[in-house]
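Values reported hereafter were calculated over all heavy atoms of this structure, with side chains retained and with hydrogens, waters and symmetry mates removed. Bear in mind that the values here come from a model prediction, so they are computed numbers and not experimental data. Counting starts at 1 for both ligands and their atoms, following the listed order. For reference, positions follow the sequence shown, starting with 1.
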Amino acid sequence: MFSEMPHLYLHVPFCARRCSYCDFSIAVRKRVPAGEYVAAIEGELSTLVQRGVVASGDVFDTIYLGGGTPSLLPPDAISQLLDAIRDKLRIPHSEFRTDLEVTLEANPEDVTPDNAVAWRRAGVNRVSLGAQSFDDRVLRWMHRSHDAARIGDAVGILRRAGITNVSLDLIFALPAELGRDWGRDLDHALALEPSHLSLYGLTVEERTPLARWISRGAATAPDDERYAAEYLQAHLRLTTCGYRFYEVSNAARDGWRSRHNAAYWSGRPYLGCGPAAHSFDGRARRWNLAAWEAYRRAVAAGRSPLESEEVLTDEQRELERVYLSLRTAEGLHLTAPYRLLPSLTVWVDRGWVEVRGERVVCTPEGWLRLDALVGDLTGRHATA
Ligand code: SF4
């Protein structure tokens, strides 16, 4: 039931081009089929209501438009999507919570004064900006379509439009030959005083331009030492500046955590709509057809766009709970089987975890070894 899934994710699959490291489920389009996309989401919401997956009369806590590049949608399409959520689920406008968190992922080049004002008017109150780096040479290598100056401009435009909750995404651990100055990028990001920062280490995914460059020797694979050094550098720099890492990759000023992302890490149910979107009801995980055209055709034919589902066993749910809990600053509640593990003392002695009352919490060095810690605790390697 909807009342148990107060977190809604809409996957917007369109991008102007593919970034060099990205293997997400996207559809590269010069012209975004906004009308078809809105109609498809409306269709999926109707299907969910008919199947009783969601019901009317309750309120969301968070809505997250992710992608892909949701900011490629025209502002009136974003407004229509939020209206469709209210109307299809028959939620009176007055029942939309005033503190509803509505996040839009945006690329800096899409942040214009007109767009920002229209997003705010549509109900968007948080923007996650794909900054990635403040080095133009690095941005070109990544195949990003903005330059460094555009990031600061975008933050200013959003603030003037009344969107003060701005998060910046940055990527670290880039190949050494790029000569990227991570400390300088952190300085630039902090100078913009974002409320929130998300830091992602570069990973090499199959079938990406980066994987091809590495296979023919045109780029080197990211190395673990650089990853660890840059992660620890960022952790120290951000915490010194008043940010708190509330999750391994996410830091925020007090009061500015992402409630949507926090819901994932605490294992709360969420509903996903759009191609490749995942849903979780606390017991089963379901996911939609990944390709935009296949998804669109299914919805247009009145069929469910669900591709498959996986019902988690008790063991899988416990493994996920341990893994997700240890990702967060709240850590893992030390229930009996874990409290007695001899390895716990070893980790504490090595400075990888701290035991705080009834909870075990990773240090930054522990977060670098998260998979090993979870494997040690559970006797299994994490798959989440
Ligand atoms: S904008 Fe985001 S989703 Fe689109 S190609 Fe780049 S990294 Fe992937």
Side-chain angles (χ1 to χ4, degrees), residues 9-34 37 41 64-74 77-78 81 103-112 115 119 124 126-148 150-151 153-155 158 166-175 178 180 185 189 196-214 219 222 249-250 258 260-261 264 272-278 287-293 295:
Y9 175 79
L10 294 186
H11 186 75
V12 185
F14 311 109
C15 288
R17 56 178 152 171
R18 186 174 284 278
C19 298
S20 59
Y21 49 83
C22 178
D23 76 335
F24 290 175
S25 175
I26 61 164
V28 175
R29 293 285 187 280
K30 281 205 171 67
R31 188 194 69 81
V32 174
Y37 178 76
I41 293 293
Y64 194 105
L65 284 82
T69 312
S71 56
L72 277 180
L73 288 172
I78 291 169
L81 285 170
T103 301
L104 177 80
E105 283 184 355
N107 277 343
E109 66 272 23
D110 298 327
V111 183
T112 64
N115 281 356
W119 295 340
V124 172
R126 182 174 185 273
V127 166
S128 176
L129 210 54
Q132 315 312 358
S133 173
F134 289 81
D135 181 327
D136 284 339
R137 207 173 33 85
V138 169
L139 290 168
R140 282 194 296 276
W141 178 86
M142 290 177 171
H143 291 175
R144 303 293 298 181
S145 36
H146 63 274
D147 60 17
R150 198 73 190 80
I151 303 167
D153 292 348
V155 172
L158 289 168
V166 178
S167 178
L168 298 182
D169 283 2
L170 294 175
I171 299 182
F172 65 97
L174 302 180
L178 277 175
R180 190 267 195 99
D185 270 1
H196 187 283
L197 284 148
S198 297
L199 310 178
Y200 301 105
L202 183 71
T203 53
V204 182
E205 309 295 345
E206 287 177 30
R207 294 187 296 277
T208 58
L210 176 59
R212 288 194 291 278
W213 297 343
I214 290 172
S249 303
N250 288 275
S258 161
H260 187 87
N261 291 345
Y264 295 149
C273 292
H278 283 57
W287 55 94
N288 281 347
L289 294 162
W292 155 242
E293 277 302 330
Y295 166 86

Any heavy atom of H143 under 4.0 Å from ligand 1? The part involved is neither

For residues T103 and E105, is any side-chain donor paired with an opposing acceptor at under 3.5 Å?
no

Can R144 and N107 be counted as having a side-chain donor-acceptor contact under 3.5 angstrom?
yes

Among all protein heavy atoms, pick the one closest to atom 3 (S) of ligand 1 and tell me residue, atom and distance.
G68 N, 3.3 Å

Can you tell me if R144 has a non-hydrogen atom under 4.0 Å from ligand 1?
yes

Would E206 and D23 count as a side-chain contact (heavy atoms from CB on, under 4.5 Å) here? Give the steps.
CA-CA 7 Å; E206 287 177 30; D23 76 335; over 6 Å; no

For ligand 1, is there an atom lying under 4.0 Å from some heavy atom of M142?
no

Atoms of ligand 1 close to R17 [distance to a heavy atom under 4.0 angstrom, numbered from 1]:
5 (S)

When every non-hydrogen atom of P209 is compared with those of C19, the smallest separation belongs to CD-O, 4.2 Å

Relative to the heavy atoms of T69, which atoms of ligand 1 are at a distance of less than 4.0 Å?
1 (S), 4 (Fe)

Sub-4.0 Å atoms of ligand 1 with respect to non-hydrogen atoms of F24:
3 (S)

Shortest non-hydrogen separation from L104 to P70 and the atoms involved
CD1-CB, 3.6 Å

Is there a donor-acceptor contact under 3.5 Å linking the side chains of Y200 and Q132?
no

More than 12 non-hydrogen atoms from neighbouring residues, nucleotides or ligands closer than 6.0 Å to CZ on F24, yes or no?
no

Residue, atom name and distance, where the atom is the protein heavy atom closest to atom 8 (Fe) of ligand 1
C22 SG, 2.3 Å

Mind checking whether atom 8 (Fe) of ligand 1 has an N, O or S of C15 under 2.8 Å?
no

Which residue and non-hydrogen atom of the protein lie closest to atom 5 (S) of ligand 1, and at what distance in Å?
C19 N, 3.3 Å

Counting from 1 in the order shown, the ligand 1 atoms closer than 4.0 Å to a non-hydrogen atom of I26 are 3 (S), 5 (S)

Heavy-atom contacts with N107 under 4.0 Å: which atoms of ligand 1 show up? List them by number with element.
1 (S)

Would the distance check show the side chain of H196 and the main-chain N or O of N250 forming a donor-acceptor pair, the cut-off being under 3.5 Å?
no

